[in-house]
Novice: 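I'd like to ask some things about the structure below.
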Amino acid sequence: MDLAGALQLGELAAAFAALPVFPLFDAAYFIVSVLYLKYEPGAMEMSRKSPFASWLCAMLHCFGSYILADLLLGEAPIHYFSNNSSVILATAIWYLIFFCPMNLFYKCVSFLPVKLIFVAMKEVVRVRKIAAGVHHAHHQYHHGWFIMMATGWVKGSGVALMSNFEQLLRGVWKPETNEILHMSFPTKASLYGTVLFTLQQTHWLPVSEANLIFFFTMFMIVCKVFMTATHSHASPFAPVEGFICPVFFGSVSSGHTSHDQHGASHEVSHPPPPPVKSKEELNEGTRKRKAKKAE
């Protein structure tokens, strides 16, 4: 008996897992995704100069995870765009956020209490996408653990992983913002979540998929809503990572760097002494000074 059964939450978890995400939860996902696009510097100017480029960036924010997952599984990257209802819904939300008269729609959805509701609904969709990605990969590669984890990861954080490509569409090139080098909380959480769903899918984790979806979604909602409400960028995983990572992967030691810098500064502040002159050179110098004085 798993934890959910002991807590009499099995039926609730099953009902939650069967809850349809279209159109309400998908609409919330698109709203938050396009809001993040509008927060980018120059996004408003781009929407006026090139509405098509702005729309294309918005579609990447909304469907980037599906594009990456299809590429990994050898399917057409534009396969999801055959879902006309989702594309039309995302397009309508993009238009309202960027071009609504008096900016009314943007003011409504960016109002913090309303935005927190949309953020919570977006995490519901994110966890469903992770679970669906792992399940889809498991259907094609029954023993491909890493394929399952890679597919679930990009399904949960594909938008962030495609951020550099999306920046190119906006005429910006910032390779130092690579999501692999500087993982945000959603990217890390998607990675950890896809590991859990892979273990569950391969029957190494004794918990049902519905219960895992329910508990992981609650965790994501609490963390993301709190971080959004407090405008915090600190990862909840930081304390655990700060303890575990130095043990297994070592830590960046500043000892050698400081030692090298200290040595370099020491050499600069104390140059090597000039070579010692021999006795003959000293006598020759003395005779020259006396002769010059006599002259």
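All of these numbers come straight from a predicted model, not from anything done at the bench.
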Novice: By side chain to side chain donor-acceptor pair (under 3.5 Å), which residues pair with H136, not counting sequence neighbours?
Specialist: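 By the side chain to side chain donor-acceptor pair (under 3.5 Å) rule, H136 matches E75, Q140.
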
Novice: Do M162 and L68 have side-chain heavy atoms sitting under 4.5 Å apart?
Specialist: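 Contact flag for M162/L68 side chains = yes.
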
Novice: Can you tell me how far the CZ atom of F30 sits from the SG atom of C62, to the nearest 0.5 Å?
Specialist: 5.5 Å

Novice: What is the distance from atom CZ of F165 to atom CG of L168, rounded to the nearest 0.5 Å?
Specialist: 7.0 Å

Novice: Identify, with sequence neighbours excluded, every residue that meets salt bridge (Lys or Arg N to Asp or Glu O under 4.0 Å) alongside R170.
Specialist: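 R170 satisfies salt bridge (Lys or Arg N to Asp or Glu O under 4.0 Å) with E40, E166 only.
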
Novice: Can you tell me how far CG of L191 sits from CH2 of W153, rounded to the nearest 0.5 angstrom?
Specialist: 5.5 Å

Novice: Would you list the pairs meeting salt bridge (charged side-chain N to carboxylate O under 4.0 Å, His left out) in which at least one residue belongs to residues 47-64, sequence neighbours left out?
Specialist: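 Residue pairs with at least one partner in residues 47-64: there are none.
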
Novice: Using 30° and 60° as the class limits, which term best fits the ring planes of Y80 and Y66: parallel, tilted or perpendicular?
Specialist: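 The rings of Y80 and Y66 lie parallel, inter-plane angle below 30°.
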
Novice: For residues 120-132, which residue pairs pass the salt bridge (charged side-chain N to carboxylate O under 4.0 Å, His left out) check, not counting sequence neighbours?
Specialist: E123-R126

Novice: Taking the six-membered ring where the residue is Trp, are the ring centres of F185 and F237 under 6.0 Å apart?
Specialist: yes

Novice: I'd like to know whether the aromatic ring centres of H139 and H135 sit less than 6.0 Å apart in this structure.
Specialist: no

Novice: Which pairs with one or both residues in residues 102-112 pass side chain to side chain donor-acceptor pair (under 3.5 Å), sequence neighbours excluded?
Specialist: K38-N103

Novice: If you measure from OG1 on T198 to CZ on F146, what distance do you get to the nearest 0.5 Å?
Specialist: 10.0 Å

Novice: Which residues satisfy the side chain to side chain donor-acceptor pair (under 3.5 Å) test with S50, sequence neighbours excluded?
Specialist: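 Not a single residue meets the side chain to side chain donor-acceptor pair (under 3.5 Å) criterion with S50.
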
Novice: For the residue pair V124 and F16, establish whether any side-chain heavy-atom pair is separated by less than 4.5 Å.
Specialist: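 They are in side-chain contact.
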
Novice: Nearest 0.5 angstrom please: I78 CD1 to M59 CE, how far?
Specialist: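 Nearest 0.5 Å value for the CD1-CE distance: 14.5 Å.
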
Novice: With sequence neighbours left out, write down each residue that passes side-chain contact (heavy atoms from CB on, under 4.5 Å) with F22, or none if nothing qualifies.
Specialist: D26, S85, S86, L89

Novice: Mind checking side-chain contact (heavy atoms from CB on, under 4.5 Å) for A69 and listing every partner two or more places apart, or none if nothing turns up?
Specialist: T151, V154, K155

Novice: Evaluate the side-chain proximity of L73 to Y141: yes if any heavy-atom separation is below 4.5 Å, no if none is.
Specialist: yes

Novice: Taking only residues at least two apart or on different chains, which pairs with a member in residues 225-244 satisfy salt bridge (charged side-chain N to carboxylate O under 4.0 Å, His left out)?
Specialist: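 Non-adjacent pairs meeting salt bridge (charged side-chain N to carboxylate O under 4.0 Å, His left out): K188-E241.
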
Novice: Measure the shortest side-chain to side-chain distance between V207 and F215 over non-hydrogen atoms and say whether it is less than 4.5 angstrom.
Specialist: no

Novice: If hydrophobic clusters are built by linking Ile, Leu, Val, Met, Phe, Trp and Tyr wherever their side-chain heavy atoms come under 4.5 Å apart, do Y39 and L116 end up in the same one?
Specialist: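 Same hydrophobic cluster.
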
Novice: In Å, rounded to the nearest 0.5 Å, how long is the span from OH of Y192 to OG1 of T187?
Specialist: 11.0 Å

Novice: When you compare the side chain of L72 with that of I147, does any pair of heavy atoms fall below 4.5 Å?
Specialist: no

Novice: For the residue pair V34 and A58, what are the closest heavy atoms and their distance?
Specialist: CG2-CB, 4.4 Å

Novice: Please list, chain by chain and in numerical order, all residues satisfying side-chain contact (heavy atoms from CB on, under 4.5 Å) with S47, sequence neighbours excluded.
Specialist: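 Scan of S47 (side-chain contact (heavy atoms from CB on, under 4.5 Å), adjacent residues dropped) gives M44, S54, F98, F99.
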
Novice: Could I get the full list of side chain to side chain donor-acceptor pair (under 3.5 Å) partners for T228, not counting sequence neighbours?
Specialist: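 Listed in chain order: nothing, the list is empty.
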
Novice: With sequence neighbours excluded, what pairs up with P77 under the side-chain contact (heavy atoms from CB on, under 4.5 Å) test?
Specialist: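 By the side-chain contact (heavy atoms from CB on, under 4.5 Å) rule, P77 matches I67, L71.
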
Novice: Taking the side chain as every heavy atom from C-beta outward, state whether L60 and C57 have any pair of such atoms under 4.5 Å apart.
Specialist: no

